[in-house]
Colleague: 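Sharing a structure with you now.
Keep in mind the model is a prediction, meaning the values are calculated, not measured. The chains referred to below are lettered A, B, ... by the order of the sequence lines, with proteins before strands, and numbering in each begins at 1.
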Protein chains: 2
Amino acid sequence: MADAPIKILIADDEPDIIEIISFHLMKAGFDIATARDGSEAIEKAKLFEPDCIILDVMMPKRTGFEVCEYLRSNSQFDKTLIVLLTALNDEASHIKGLELGGDDFVSKPISPKVLISRITALFRRIQSAAGDSKIVTTNGLTINPAQYRTSLNGVQYILAKKEFELLYLLAAQKGRVFLRNEILSQIWGNDVIVGDRTIDVHIRKIRAKLGINCITTVKGVGYKFDY
Amino acid sequence: MADAPIKILIADDEPDIIEIISFHLMKAGFDIATARDGSEAIEKAKLFEPDCIILDVMMPKRTGFEVCEYLRSNSQFDKTLIVLLTALNDEASHIKGLELGGDDFVSKPISPKVLISRITALFRRIQSAAGDSKIVTTNGLTINPAQYRTSLNGVQYILAKKEFELLYLLAAQKGRVFLRNEILSQIWGNDVIVGDRTIDVHIRKIRAKLGINCITTVKGVGYKFDY
DNA sequence: CTGATTATTATCAAATTGTTAACTAAACAA
DNA sequence: TTGTTTAGTTAACAATTTGATAATAATCAG
């Protein structure tokens with residue numbers, strides 16, 4: 001729901017595992033925090049407010065199960081995904097983990113790629129369940145189509161429907177030049193006939209409202225988002 | 001909004017597997033349909049409209065991957081969960097499956113209990129992402145769907161049924177814009193026909209009763225809760 | 001410099017929503 | 001049942017916002 005990078009907390013008592021996983025998740029663009037035992041995991045969870053927590057089942061102080069149970073009893077973490085890791089490939093703990101409110105369960109040895117694609121799949125599914133589509137973010141400019149909201153460096157700008165749709169169309173494929181015809185058929189549809197100047201006027205309004213030149217004119221061709 | 005039994009389609013070419021899985025899933029209260037190959041899976045999916053499809057990767061006619069790809073390219077199945085089954089415990093196909101839009105990936109031999117708990121966990125997570133039946137609290141405003149009660153800074157406000165449902169629908173997914181059509185189908189259902197002004201009037205009543213502007217109009221699009 | 005393309009501005013028409021009041025249906029108590 | 005209250009819907013109109021166009025100015029490419 002937040003238009004920020006996805007935050008993941010990794011809790012495991014084996015430094016090697018933490019290192020490998022966090023390396024790969026960072027490379028995949030996630031924002032990472034780590035913890036070495038169950039108690040630390042809970043503390044960090046409260047401060048860091050991650051979107052997803054990866055918990056080793058076997059940890060000192062509090063096991064992953066205990067942490068999971070704690071998090072699930074606290075409404076602050078209603079929307080936090082919990083992925084449990086275990087060395088055992090044992091059915092009972094697998095089921096137990098899911099019943100305690102875990103969202104996924106991965107057995108060691110862990111393949112970072114598999115872990116990343118599982119987490120990605122979970123987020124994808126949740127976003128689509130919540131009716132979200134893709135949020136565009138560049139240089140402090142955020143365009144959120146589910147909320148019809150545009151903000152620049154934290155300040156909100158209210159765009160009209162057509163303005164917003166036009167901006168989103170261009171921004172969703174940053175750098176690509178859209179011909180006037182493409183824009184017309186995408187935003188207005190193939191059967192509606194409007195003049196060419198109409199596009200210009202909307203582009204102008206977007207530029208004026210945001211106060212930045214995020215849309216570049218490609219003379220004789222069309223427009224592109226470049227920011 | 002409908003609390004009908006959850007429908008699951010199982011597609012596998014091994015009759016034994018189908019039998020075992022469908023037996024356990026039925027026992028767990030799901031509504032089951034089956035298919036023996038990829039093509040049949042697609043046909044049945046269209047007719048049966050399952051909430052979840054369990055696909056064996058290795059199937060005649062069309063593989064599970066192909067079926068998955070097909071389903072994901074068809075917006076009718078946007079909200080359908082896809083669980084892939086495979087005999088291979090091979091990382092590449094695991095990742096491939098998730099990238100094709102699968103939601104979970106389970107390796108054979110399959111434990112029915114594990115399968116059920118994974119499916120249950122997925123549904124649980126999706127429901128909560130979609131804003132299911134939880135008390136909403138923001139800035140002193142509390143909306144309790146179990147009791148149909150609303151209070152603002154400790155003071156109770158009595159909303160009528162439709163007013164309450166409308167407020168809750170929006171508030172459960174704060175920030176998200178709901179199209180008028182979405183609102184109509186969620187609150188009134190797909191077969192009831194009411195005029196557009198009806199929504200406005202209820203929105204107005206909510207705003208008047210609470211005395212705050214917790215619902216924002218997004219002109220030409222719909223409404224959103226923002227408070 | 002010149003012709004073509006785009007930017008700007010103001011204006012008007014159209015679409016959308018807000019508001020009120022009246023009417024109908026449902027729920028409830030006497 | 002009857003009368004009364006409450007909720008839900010609709011219609012009519014007002015207010016607002018948005019979108020399209022035209023006319024003019026500015027800009028760019030050759």
Side-chain angles (χ1 to χ4, degrees), chain A residues 145 148-150 156-170 177-226, chain B residues 1 145 147-150 156-170 177-226:
Chain A
Y148 259 77
R149 251 170 54 177
T150 313
Q156 257 202 60
Y157 293 88
I158 293 164
L159 303 189
K161 191 183 171 202
K162 283 275 186 312
E163 289 160 21
F164 187 90
E165 287 173 352
L166 180 48
L167 176 62
Y168 183 68
L169 173 69
L170 300 182
V177 178
F178 286 79
L179 311 181
R180 296 181 102 90
N181 278 338
E182 287 181 276
I183 294 175
L184 286 176
S185 69
Q186 290 286 320
I187 308 276
W188 278 268
N190 284 310
D191 27 54
V192 181
I193 299 163
V194 290
D196 252 12
R197 285 311 105 238
T198 303
I199 297 176
D200 305 33
V201 173
H202 284 292
I203 296 268
R204 197 200 150 262
K205 283 181 180 167
I206 294 169
R207 290 181 183 156
K209 279 192 183 173
L210 297 183
I212 56 174
N213 219 38
C214 53
I215 295 171
T216 307
T217 305
V218 183
K219 211 164 170 158
V221 188
Y223 295 93
K224 67 177 170 179
F225 181 89
D226 224 338
Chain B
M1 204 102 299
Q147 307 191 3
Y148 264 75
R149 267 159 63 171
T150 313
Q156 258 203 54
Y157 292 87
I158 293 165
L159 302 189
K161 193 178 163 212
K162 283 277 187 305
E163 289 161 19
F164 186 90
E165 287 173 353
L166 181 48
L167 177 61
Y168 182 68
L169 173 69
L170 300 182
V177 177
F178 286 79
L179 311 181
R180 296 181 102 90
N181 279 338
E182 288 182 275
I183 294 174
L184 286 177
S185 69
Q186 292 286 316
I187 308 275
W188 279 268
N190 283 310
D191 27 54
V192 181
I193 299 163
V194 289
D196 252 11
R197 283 316 99 242
T198 303
I199 296 176
D200 305 33
V201 173
H202 285 290
I203 295 267
R204 191 189 158 272
K205 285 180 180 169
I206 294 169
R207 297 208 260 231
K209 280 193 184 173
L210 297 183
I212 55 175
N213 218 40
C214 53
I215 295 171
T216 307
T217 304
V218 182
K219 230 178 159 157
V221 187
Y223 294 93
K224 67 178 168 180
F225 180 89
D226 226 338

Colleague: Just jot down the side chain to side chain donor-acceptor pair (under 3.5 Å) partners of A:Tyr157, sequence neighbours excluded, or say none.
Modeller: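 For A:Tyr157 there are no side chain to side chain donor-acceptor pair (under 3.5 Å) partners, ignoring immediate neighbours.
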Colleague: Return the set of residues passing ring pair (Phe, Tyr, Trp, His ring centres under 6.0 Å) with A:Phe164 (not counting sequence neighbours), or none when no residue passes.
Modeller: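 Scan of A:Phe164 (ring pair (Phe, Tyr, Trp, His ring centres under 6.0 Å), adjacent residues dropped) gives A:Tyr148.
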Colleague: Only counting residues at least two apart or in another chain, list the ones meeting salt bridge (Lys or Arg N to Asp or Glu O under 4.0 Å) with A:Lys209.
Modeller: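 For A:Lys209 the salt bridge (Lys or Arg N to Asp or Glu O under 4.0 Å) partners, ignoring immediate neighbours, are A:Glu163.
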Colleague: Looking at residues at least two apart in the chain, or sitting in another chain, which of them share a salt bridge (Lys or Arg N to Asp or Glu O under 4.0 Å) with B:Lys162?
Modeller: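 Salt bridge (Lys or Arg N to Asp or Glu O under 4.0 Å) check on B:Lys162 returns nothing, list empty.
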Colleague: Does B:Asp200 have any side chain to side chain donor-acceptor pair (under 3.5 Å) partners at least two apart in sequence or in another chain, and if so, which?
Modeller: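 With sequence neighbours excluded, B:Asp200 shows a side chain to side chain donor-acceptor pair (under 3.5 Å) to B:Arg180, B:Arg197, given in chain and number order.
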Colleague: Roughly what angle, to 10°, lies between the helix axis at the start of the helix from C:dC1-D:dG30 to C:dA30-D:dT1 and the one at its end, five pairs per end?
Modeller: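 Rounded value for the end-axis angle: 40°.
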Colleague: Going by side chain to side chain donor-acceptor pair (under 3.5 Å), name the residues that satisfy it together with B:Gln156, two or more places apart in sequence or in a different chain.
Modeller: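 Partners of B:Gln156 under the side chain to side chain donor-acceptor pair (under 3.5 Å) test: none.
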Colleague: Determine all donor-acceptor pairs shorter than 3.5 Å in which one atom belongs to a side chain in residues 213-222 of chain B; sequence neighbours excluded.
Modeller:
none

Colleague: Go through the structure and list residues passing side chain to side chain contact (heavy atoms under 4.5 Å, CB included) with A:Gln186, not counting sequence neighbours.
Modeller: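 Per chain and number, A:Gln186 pairs via side chain to side chain contact (heavy atoms under 4.5 Å, CB included) with A:Leu169.
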Colleague: When you check every protein heavy atom under 4.0 Å of nucleotides 22-30 of chain D, what one-letter string (B, S, -) results, 5' to 3'?
Modeller: -----BB--
Colleague: Distance under 4.0 Å to a non-hydrogen atom of chain A counts as contact; along DNA chain C, which nucleotides mark the start and end?
Modeller: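 Nucleotide range with atoms under 4.0 Å of chain A: C:dT5 to C:dT9.
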Colleague: Please list residues of residues 158-166 of chain B whose heavy atoms come under 4.0 Å from any atom in DNA chain D, ordered by number; otherwise none.
Modeller: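 Output list: B:Ala160, B:Lys161, B:Lys162.
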